[in-house]
K.L.:
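Take a look at this one; I'll ask things after.
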Amino acid sequence: MPGLELMTGRPGPEHHWKSMEFRQRVHRASVHKAADAEVLLTDSQRLGDDRFAVAARWDRDHYLSHQGGSVADPVLLAETTRQTAIHLSHRFLDVPHGLPFVLGEASVDLSEELPPVGPQGLAVGLDVICRRPAAGSRRLRLELDADVLVRHRLIGRTRLCWEPMEPGRYAMLRRRGGGEPTTAPLPEPPGTPLQPAAVGQRAERDVLIAADPARWNAWWLRLDRDHPVLFDHESDHIPGMALVEAFRQAGRVAAADRRPGAGGVTLLTVRFTAFGELDAPVSITAEPAGRGRGTFALRAHQGERELAGATVRCGAAEPARALLGTAC
């Protein structure tokens, strides 16, 4: 696979992407994955004190490459950025393995739609600025901003804030939230699962929402703990990326209902406020937001608790900041 020869306009040393590796994946442990097939990153280099180049390859048969790979999606870019944060933490920022990572916020800001993922995959480059907390800070809160480079073009930017956390503090945080580890099967949600094509997927097991028969703008979260991607490794809570993908699916359905042919998701924002537990149903609702008919504000609730809020837009991409936060 050819590398990327584009150099960004970011101040600092120029970097030739053709020197990066786009075939061989980084080790799965460096991105907290159990399966090699779920690793998206292929290389990384340090360019300065806080600047890094990160290479990735997207394959069209990956779960997050929707519609058989004909259209890439912001969720795939969000997962690439999440893996980037974890990888840089371990390789360059002296964060030891074995710590839980809690993501505070992230952004996907596209200036144009992501290109298709072809049979040979798609090379993606991130030109990253990564910042540590101020000297004397008691908590290791990290943040990165990255230009996204595809096919010799700057197509957007991403942002992520995360915190590697000591296991004892993480356990205390989970207890305060009422969370207890469970291996019980996920509850069967009420409602009827949507057809895969309606949410931009190919298989029924990849449909994460079921229609609420009482409300046109509400769905129930569907999760399978045997799903090879969303549950690649054991988790004591609903994986953050599962909720991100469920928001994408719900936003797409809501937009199609209001404006048939609205197109794919070009803006996805999520802010997480609580951990989602694995033994209780989750409701997702959508309401029109902003001036555009293809933009919706979404909420995920588990009982009386709001787990996350999101904004989803379907249609033409615009320069805009999209926030998304989650726990690994």
Side-chain angles (χ1 to χ4, degrees), residues 32-34 38 63-64 75 78-79 82 85-86 100-106 160-163 165 167 169-191 193-194 199 205-212 215 217-251 253-254 268-287 296-312 323-328:
H32 295 184
K33 286 295 182 180
E38 301 312 314
Y63 166 65
L64 295 177
V75 178
E79 171 61 14
R82 189 188 74 90
I86 296 171
F101 278 50
V102 176
L103 304 187
E105 69 176 58
L160 197 80
C161 300
W162 73 104
E163 182 179 354
M165 193 173 290
R169 184 168 175 272
Y170 177 80
M172 181 178 65
L173 183 65
R174 294 291 287 121
R175 287 195 299 270
R176 285 178 178 175
E180 294 291 341
T182 177
T183 58
L186 292 166
E188 186 66 25
L194 277 67
V199 298
R205 74 177 305 179
D206 297 333
V207 178
L208 302 191
I209 55 176
D212 186 330
R215 298 174 292 175
N217 64 335
W219 304 266
W220 293 96
L221 182 67
R222 301 175 69 239
L223 286 180
D224 174 5
R225 291 189 76 162
D226 293 325
H227 197 287
V229 177
L230 297 177
F231 285 88
D232 165 80
H233 55 278
E234 188 62 32
S235 176
D236 68 352
H237 58 274
I238 295 173
M241 291 306 297
L243 277 176
V244 172
E245 170 61 9
F247 279 134
R248 183 200 68 80
Q249 293 185 14
V253 173
L268 174 63
T269 80
V270 182
R271 285 188 179 89
F272 279 67
T273 54
F275 289 96
E277 306 304 335
L278 291 166
D279 56 357
V282 174
S283 173
I284 297 175
T285 58
E287 297 290 345
F296 290 83
L298 298 97
R299 297 288 184 270
H301 284 86
Q302 193 165 56
E304 297 299 319
R305 289 192 310 141
E306 180 174 302
L307 304 182
T311 301
V312 175
L323 299 178
L324 94 93
T326 182
C328 292

K.L.:
Quick one: OH on Y170 to CG on D236, what's the gap to the nearest 0.5 Å?
P.N.:
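Answer for the OH-CG pair, Y170 versus D236, is 3.5 Å.
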K.L.:
Output all residues satisfying side chain to side chain donor-acceptor pair (under 3.5 Å) with S283, sequence neighbours left out; order by chain, then residue number.
P.N.:
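Only R215 meet the side chain to side chain donor-acceptor pair (under 3.5 Å) criterion with S283.
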K.L.:
Restricting to side chain to side chain donor-acceptor pair (under 3.5 Å), what partner residues turn up for N217, sequence neighbours left out?
P.N.:
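Side chain to side chain donor-acceptor pair (under 3.5 Å) check on N217 returns E287.
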K.L.:
Please find the pair of heavy atoms, one from L278 and one from S235, that lie closest to each other, and give the distance.
P.N.:
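It is CD1-O, 3.4 Å.
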K.L.:
Is any side-chain heavy atom of V229 closer than 4.5 Å to a side-chain heavy atom of E38?
P.N.:
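Side chain of V229 against side chain of E38, heavy atoms only: contact under 4.5 Å found.
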K.L.:
How far does CH2 of W162 sit from CZ of R82, to the nearest 0.5 angstrom?
P.N.:
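If I round to the nearest 0.5 Å, the distance is 12.5 Å.
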K.L.:
Applying side chain to side chain contact (heavy atoms under 4.5 Å, CB included), name anything that partners A171, two or more places apart in sequence or on another chain.
P.N.:
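Scan of A171 (side chain to side chain contact (heavy atoms under 4.5 Å, CB included), adjacent residues dropped) gives R175.
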K.L.:
Treating Q249 as the side-chain partner and L208 as the backbone partner, does any N or O pair qualify as donor plus acceptor under 3.5 Å?
P.N.:
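Yes, because the side chain of Q249 sits within donor-acceptor range (under 3.5 Å) of the backbone of L208.
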K.L.:
Looking at residues at least two apart in the chain, or sitting in another chain, which of them share a side chain to side chain contact (heavy atoms under 4.5 Å, CB included) with A250?
P.N.:
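Side chain to side chain contact (heavy atoms under 4.5 Å, CB included) check on A250 returns I209, W219, I284, L298.
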K.L.:
For the residue pair A85 and L160, what are the closest heavy atoms and their distance?
P.N.:
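Of all heavy-atom pairs spanning A85 and L160, the closest is CB-CD2, 3.1 Å.
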K.L.:
Please find the pair of heavy atoms, one from A34 and one from H233, that lie closest to each other, and give the distance.
P.N.:
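Taking every non-hydrogen atom into account, CB-CB, 4.3 Å.
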K.L.:
Determine the minimum heavy-atom distance between A242 and L223, stating which atoms define it.
P.N.:
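For A242 and L223, the tightest heavy-atom pair comes out as CB-CD2, 3.8 Å.
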K.L.:
Tell me whether T311 contacts the main-chain N or O of A297 through its side chain, where contact means a donor paired with an acceptor under 3.5 Å.
P.N.:
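Such a contact is absent between T311 side chain and A297 backbone.
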K.L.:
How long is the gap from CD on E245 to CD on E79, to the nearest 0.5 Å?
P.N.:
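Here the rounded value is 11.5 Å.
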K.L.:
Show the nearest heavy-atom pair for residues V282 and A300, with the distance to one decimal.
P.N.:
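Residues V282 and A300, closest heavy atoms: CG1-CB, 4.1 Å.
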K.L.:
Check side chain to side chain donor-acceptor pair (under 3.5 Å) between Q302 and all other residues, then give those that pass, not counting sequence neighbours.
P.N.:
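Side chain to side chain donor-acceptor pair (under 3.5 Å) list for Q302, sorted by chain: R305.
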K.L.:
Once rounded to the nearest 0.5 Å, what's the spacing between atom CZ of R205 and atom CG of D224?
P.N.:
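Here the interatomic distance stands at 5.0 Å.
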K.L.:
Donor-acceptor pair, R174 side chain versus F275 backbone, under 3.5 Å?
P.N.:
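No, because the side chain of R174 does not come within donor-acceptor range (under 3.5 Å) of the backbone of F275.
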K.L.:
Go through W220 and D212 one step at a time and tell me if the side-chain contact (heavy atoms from CB on, under 4.5 Å) criterion holds.
P.N.:
CA-CA 7 Å; W220 293 96; D212 186 330; 3.4 Å; yes
K.L.:
Distance only, no hydrogens: is a donor on one side chain within 3.5 Å (strictly under) of an acceptor on the other, for H227 and D206?
P.N.:
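Distance-only check passes for H227 and D206.
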K.L.:
One thing to verify: whether R271 and E306 come together as a salt bridge, which I'm taking to mean a side-chain N less than 4.0 angstrom from a carboxylate O.
P.N.:
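The answer is no: the pair does not qualify as a salt bridge.
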K.L.:
Please answer whether the main-chain N or O of E234 pairs with a side-chain N or O of R225 as donor and acceptor at a distance below 3.5 Å.
P.N.:
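Not a single qualifying donor-acceptor pair exists.
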K.L.:
Restricting to non-hydrogen atoms, name the atom on A246 and the atom on L221 that form the minimum distance, rounded to 0.1 Å.
P.N.:
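Scanning both residues, the minimum pair turns out to be CB-CD1, 3.6 Å.
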K.L.:
How would you list, by chain and number, every residue that makes a side chain to side chain donor-acceptor pair (under 3.5 Å) with E304, sequence neighbours excluded?
P.N.:
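None.
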